[in-house]
Amino acid sequence: MHRLASAFLFTLLFGTGAAAETFTSPPRYVWLTTACPAWNCALSVMVQADGNPHVLALPTRSESYPWLVVRREEAGSVYLPENDPFEVQSFEYMTDAIARFHSIPRQRHPLLVTVVDGAVLVVAMREHGSAGKRRAVAP
């Protein structure tokens, strides 16, 4: 009986440690945008995506950027540019996305999109001054 208890304790202590080492957490994703001044720009990004279901071309109401390409990338594997004119927020629930969508002023041209992985995206132009412009102040 003592051997059985020792074997169980050994398996419990060392067996779960091995299982924890092999477990990998699912990757986290971020959604990136490419603002396009013409359809040809959006089309070329879509062609380079080669049928990737996580790449979308969307029309916008912006005069400067009438087309927007949104793509999903694994977090930590991409550089997030600070000067991109659009920003993307991902939501798990439609109600949260709708609340955010309605809180964005129409001048920022918000879009509400559902995507293949089940997320709901809210895409909008960045507010003036938050597109990566930084100012140094002398002491």
Side-chain angles (χ1 to χ4, degrees):
M1 185 70 156
H2 181 57
R3 285 185 180 175
L4 183 61
S6 297
F8 176 72
L9 182 61
F10 180 81
T11 304
L12 183 64
L13 291 175
F14 296 105
T16 56
E21 290 176 13
T22 59
F23 176 76
T24 57
S25 62
R28 290 182 28 99
Y29 296 101
V30 294
W31 289 88
L32 305 173
T33 62
T34 302
C36 293
W39 168 244
N40 290 341
C41 168
L43 182 61
S44 67
V45 175
M46 293 296 293
V47 167
Q48 289 175 356
D50 195 30
N52 183 342
H54 303 291
V55 178
L56 317 163
L58 303 171
T60 70
R61 292 184 296 145
S62 169
E63 290 181 17
S64 302
Y65 303 103
W67 289 96
L68 182 68
V69 178
V70 181
R71 70 184 190 282
R72 186 181 86 165
E73 298 288 341
E74 190 172 333
S77 66
V78 294
Y79 167 72
L80 299 173
E82 294 181 6
N83 60 351
D84 189 14
F86 285 87
E87 63 183 349
V88 180
Q89 294 175 314
S90 179
F91 295 90
E92 186 176 354
Y93 300 106
M94 179 65 83
T95 53
D96 297 335
I98 289 173
R100 177 63 183 133
F101 176 80
H102 285 299
S103 71
I104 298 173
R106 291 287 165 226
Q107 297 82 1
R108 292 184 53 205
H109 309 293
L111 298 168
L112 182 72
V113 182
T114 58
V115 289
V116 175
D117 66 358
V120 184
L121 306 179
V122 176
V123 184
M125 290 192 84
R126 293 185 188 274
E127 293 184 50
H128 294 293
S130 67
K133 295 182 181 177
R134 297 176 191 247
R135 186 172 65 150
V137 177

If only atom types and distance count, is the side chain of Thr60 paired as donor or acceptor with the main-chain N or O of Tyr65 below 3.5 Å?
->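 Yes, Thr60 side chain to Tyr65 backbone: donor-acceptor pair under 3.5 Å.
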
Are [X] and [Y] side-chain neighbours, meaning at least one heavy-atom pair lies under 4.5 Å?
X: Leu111; Y: Phe86; result: no
X: His54; Y: Val116; result: yes
X: Leu56; Y: Val115; result: yes
X: Arg108; Y: Ser62; result: no
X: Gln48; Y: Val55; result: no

Hey, any chance Ile98 and Ile104 share a hydrophobic cluster, counting ILVMFWY side chains that come within less than 4.5 Å of each other, even indirectly?
->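 Yes; Ile104 is reachable from Ile98 via cluster members.
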
For residues Arg126 and Asp84, report the shortest heavy-atom separation together with the two atoms involved.
->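 Reported closest heavy-atom pair: NE-O, 2.7 Å.
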
Nearest heavy atoms of Met125 and His109, plus distance in Å =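 The pair with the smallest heavy-atom distance is SD-CD2, 3.4 Å.
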
Should the heavy atoms of other residues, nucleotides or ligands under 6.0 Å from CG of Asp117 be counted, would the total exceed 12?
-> yes

Above 12 or not: heavy atoms from other molecules or residues under 6.0 Å from CZ of Phe101?
-> yes

Residues that [X] engages under side-chain contact (heavy atoms from CB on, under 4.5 Å), provided they are two or more places apart:
X: Ala97; value: Phe91, Leu112, Val120, Val122
X: Gln107; value: Pro105
X: Cys36; value: Thr34, Cys41, Ala42, Trp67, Val69

Measuring from Arg72:CZ to Leu32:CG, what's the distance to the nearest 0.5 Å?
-> 11.5 Å

Apply side chain to side chain contact (heavy atoms under 4.5 Å, CB included) to the pair Leu58 and Val113, showing each step before the final yes or no.
-> CA-CA 9 Å; Leu58 303 171; Val113 182; 3.8 Å; yes

